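Here the structure comes first, spelled out in structure tokens, and everything after it is commentary.
Owing to the predicted nature of the structure, the values given are computational and were not obtained by experimental measurement. Order of the sequence lines sets the chain letters (A, B, ...), proteins ahead of strands, with each chain counted from 1. When reading the values below, keep in mind they use all heavy atoms of this one structure, side chains included, and skip hydrogens, waters and symmetry mates.
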There are 2 protein chains.
Amino acid sequence: MKRITIADVAQHAKVSKSTVSQYLNKRYDYMAENTKQRIEEAIKELDYRPNIVARSLKQKSTMTVGVIVANILHSFSTQVIRAIEDFCHLQDFHLIVCNADDDPEKEKRYIEMLRAKQVDGIIIFPTGDNVELYQEIVQSNYPIMFVDRLVPEVPIPSVMLDNEKAAGLAVQHFVEKGYERIGIITNVIRNVTPRMERINGYKKVLKENGLSINEDYIRKMQVSCVQEALHDMLSLDEPIQAVLAGNDLTLMEILKYVKKHRIRVPEDLAIIGIDDVSFANFYEPALTIVEQPAFEIGKKAAELLLNKIQKKDVEEELDVYRFEPTLIVRQSS
Amino acid sequence: MKRITIADVAQHAKVSKSTVSQYLNKRYDYMAENTKQRIEEAIKELDYRPNIVARSLKQKSTMTVGVIVANILHSFSTQVIRAIEDFCHLQDFHLIVCNADDDPEKEKRYIEMLRAKQVDGIIIFPTGDNVELYQEIVQSNYPIMFVDRLVPEVPIPSVMLDNEKAAGLAVQHFVEKGYERIGIITNVIRNVTPRMERINGYKKVLKENGLSINEDYIRKMQVSCVQEALHDMLSLDEPIQAVLAGNDLTLMEILKYVKKHRIRVPEDLAIIGIDDVSFANFYEPALTIVEQPAFEIGKKAAELLLNKIQKKDVEEELDVYRFEPTLIVRQSS
DNA sequence: CTGTTAGCGCTTTCAA
DNA sequence: TTGAAAGCGCTAACAG
């Protein structure tokens with residue numbers, strides 16, 4: 001069951017390998033109709049399939065890109081991946097998907113493996129902790145994009161949400177609804193930028209509205225401590241009246257707490273979440289949400305990466321592409 | 001900025017390419033300590049990284065597997081992919097992920113591309129409509145596994161849920177709770193096996209309990225028509241008292257309807273869903289669910305595939321690996 | 001219009 | 001213990 005190669009086809013069609021190669025690459029320009037047909041037949045009869053690995057070796061291009069996400073189980077990652085896949089598919093690129101689990105070591109190994117595999121470029125949700133490696137990549141002029149997060153030390157373009165605005169939209173809405181004691185809970189994974197930006201946006205809008213900032217109302221922690229934090233903020237002398245969930249996981253923890261303690265939403269506690277969740281519109285009460293355009297973000301990242309790969313060097317090269325969040329007002333706020 | 005190769009390293013270390021190759025493959029058995037060190041240094045100084053494509057060409061193994069899912073946005077797919085990735089990672093395999101969108105044409109192109117790319121094996125959520133291609137693959141003895149679905153005509157092992165039992169568990173629970181008019185709604189994509197199996201399980205358990213089967217209570221349709229179907233079943237002279245949602249999307253449609261029409265759950269309508277959903281336990285009421293072990297399914301598929309690839313041909317080769325569903329009783333039933 | 005030839009970067013006998 | 005040489009399957013000048 002020997003794998004059949006271009007040589008077999010050539011022999012079978014009584015032409016040379018190069019002619020077959022021409023045919024395969026659709027360079028029929030000067031090919032005799034007859035030759036073409038013989039090759040076509042030979043291919044069919046032998047059920048020949050080109051070996052792309054060999055081609056890649058020669059051409060120094062694998063037509064594949066690597067994607068390293070923190071965790072594919074997170075729906076934002078999934079959506080971004082899907083968008084990337086769709087875009088790449090149009091240009092016949094494939095995706096190698098890796099989960100770094102927010103572990104810088106794992107991230108590093110994946111980056112190295114992907115480069116060893118000669119993928120043409122990488123899109124990555126960076127942990128932020130491999131600054132040296134990132135630098136190296138930039139210097140070697142290898143196509144790479146960041147998504148969702150920013151690594152200030154490194155000149156690699158990022159495609160991400162305008163996080164400050166996202167938090168700001170939510171807070172502004174709360175303020176307009178008359179809430180004054182507004183809390184924010186985010187879960188923190190290392191010192192990744194989005195969390196900070198969201199908190200900044202929160203503070204900024206409070207200030208703009210002449211409200212004071214109470215550090216007791218600002219909590220960063222792991223997902224497992226969210227309920228506790230919420231409990232604290234509701235037990236203060238001046239308990240919060242509204243809370244902004246920094247992401248979907250945090251939101252879900254808040255909802256669990258709310259259910260357990262029979263807290264009325266929004267009467268006792270108004271809630272807004274950042275990140276869309278599948279159940280937002282049929283939850284009771286329907287959830288007010290700040291949505292991020294995951295698909296556009298993924299698509300943009302893919303587009304920019306493929307441009308780089310294909311050297312369509314659109315000179316400019318912004319450093320950060322910010323996408324607009326959207327506030328979807330429902331019943332929980 | 002020329003890419004540096006094994007030849008450069010050899011030259012730099014003043015040894016031959018083959019010696020370097022030995023070194024890279026950790027065949028130090030008979031290598032002089034001194035040689036080893038020189039090579040090590042050369043590699044470091046030149047910042048050499050092996051080109052895996054070249055190696056793959058020679059070794060006829062790319063250490064990567066292809067995964068073709070219907071849609072990565074579906075959380076079951078995501079979980080399976082994650083499990084596959086984790087397992088493969090342990091053995092240094094990588095994943096190329098593709099979305100076939102339940103489109104047989106797309107599936108076909110992906111299968112062909114993946115083989116052309118010389119991936120060592122494929123795991124696929126089959127559309128079921130490329131029987132010829134599947135046959136061909138089997139005959140060429142190429143490592144492949146099906147997940148989630150079965151294609152009866154083709155002897156490719158499948159890893160999947162015991163769907164009949166999943167539906168059965170739910171129905172049995174309804175019956176024990178005293179419901180007699182029980183409906184089932186599934187969304188149908190071609191004539192893929194799981195849907196049928198679930199309906200069979202539903203019927204079987206009804207019969208076992210001496211209940212009659214009312215075809216008006218059995219509906220297969222696209223997601224967009226679920227609400228309408230539910231409406232019908234609730235408007236019958238003998239309206240249903242309980243409904244089984246065939247998957248998560250169907251469940252969500254049902255919940256939307258329920259909210260819109262202020263139907264009390266479970267008093268007016270009891271609900272059970274197949275497939276876990278993130279909000280099951282904090283929804284109001286908390287949702288009774290039949291869970292499928294997505295991770296085990298993914299892991300098993302990966303394990304079996306890698307076994308095949310590595311020719312650990314565990315003789316036996318079952319055709320179908322069925323996984324047990326779990327009923328999680330909460331408040332909606 | 002088609003064939004010859006020389007690699008791409010690595011592995012792997014086989015000799016030395 | 002190390003090196004020379006052939007070859008994996010394909011592409012791309014360059015001849016003819």
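Atom CD in A:E33 sits about 11 Å away from atom P in C:dT2, given to the nearest Å. Computed from coordinates, the A:Q118 CD to C:dG9 P distance equals 9 Å when rounded to whole Å. Computed from coordinates, the A:K60 NZ to D:dT11 C1' distance equals 12 Å when rounded to whole Å. Whole-Å rounding puts the A:K36 NZ to C:dT2 C1' distance at 15 Å. One atom, CD1 of A:I52, and another, C1' of D:dT11, lie 14 Å apart when rounded to the nearest Å. Here D:dG9 presents its C1' atom at 17 Å from NZ of B:K117, a figure rounded to the nearest Å. Atom CD of A:Q59 and atom C1' of C:dG9 are 15 Å apart (whole Å). When rounded to the nearest whole Å, the span between OH of A:Y23 and C1' of D:dT11 equals 17 Å.
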Could you go through residues 54-62 of chain A and list every donor-acceptor pair under 3.5 Å that involves a side-chain atom there, pairing it with any protein atom two or more places apart or in another chain?
residue: A:S56; atom: OG; partner: A:I52; partner atom: O; Å: 2.9
residue: A:S56; atom: OG; partner: A:S61; partner atom: O; Å: 3.3
residue: A:S61; atom: OG; partner: A:D120; partner atom: OD2; Å: 3.3
residue: A:T62; atom: OG1; partner: A:Q118; partner atom: O; Å: 2.8
residue: A:T62; atom: OG1; partner: A:D120; partner atom: OD1; Å: 3.4

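The side chain of B:T5 contributes no N or O atom lying less than 4.0 Å from OP1 or OP2 of C:dG9. Under 4.0 angstrom from either OP1 or OP2 of D:dT2 there lies no side-chain N or O belonging to B:T19. Distances shown here put every side-chain N or O of A:Q22 at or beyond 4.0 Å from the OP1 or OP2 atom of C:dC1. Taking only side-chain nitrogens and oxygens, B:S16 never comes nearer than 4.0 Å to OP1 or OP2 of D:dA4.
Between the side chains of A:T78 and A:S75, not a single donor N or O lies within less than 3.5 Å of an accepting N or O. Remark: the A:E153 side chain and the A:Q135 side chain contain no N/O donor-acceptor pair separated by less than 3.5 Å.
Taking the salt bridge (Lys or Arg N to Asp or Glu O under 4.0 Å) definition, one finds that B:R49 meets it with A:E136, B:D47, sequence neighbours left out. With sequence neighbours excluded, the residues forming a ring pair (Phe, Tyr, Trp, His ring centres under 6.0 Å) with A:F146 are A:Y134, listed by chain and number.
Five base pairs at each end of the helix from C:dC1-D:dG16 to C:dA16-D:dT1 define two local axes, and these are offset by 40° (rounded to 10°).
Within residues 39-51 of chain A, the residues having any heavy atom closer than 4.0 Å to DNA chain D are, in order of number, A:Y48, A:P50, A:N51.
Closest approach to the B:L57 side chain among D:dT11, D:dT1, D:dC8 is made by D:dC8 (side chain taken as heavy atoms from C-beta onward).
The residue from A:V147, A:I111, A:V97 that alone fulfils the side chain to side chain contact (heavy atoms under 4.5 Å, CB included) condition with A:I68 is A:I111.
Centroid-to-centroid, the aromatic rings of A:H94 and B:Y110 come within less than 6.0 Å.
Across the interface with DNA chain D, nearest-nucleotide mapping of B:A54 and B:V15 shows B:V15 to be the residue nearer the 5′ end.
Of all the heavy atoms in A:P157 and A:M145, the pair that sits closest is O-CE, 3.6 Å.
Atom NZ of B:K106 is surrounded by more than 12 heavy atoms from other residues, nucleotides or ligands within 6.0 Å.
Cation-pi geometry between B:R149 and B:F125 is not satisfied (NZ or CZ under 6.0 Å from the ring centre, within 45° of the ring normal).
Using modelled atom types, one side-chain atom of A:T5 and one backbone atom of A:A7 make a donor-acceptor pair closer than 3.5 Å. When atom types are taken as modelled, the side chain of A:E107 and the backbone of A:T127 share a donor-acceptor pair closer than 3.5 angstrom.
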What are the atom names and distances for every N/O pair under 3.5 Å that joins the protein to nucleotides 5-7 of chain D?
residue: D:dG7; atom: N2; partner: B:K58; partner atom: NZ; Å: 3.1
residue: D:dG7; atom: N3; partner: B:K58; partner atom: NZ; Å: 3.2

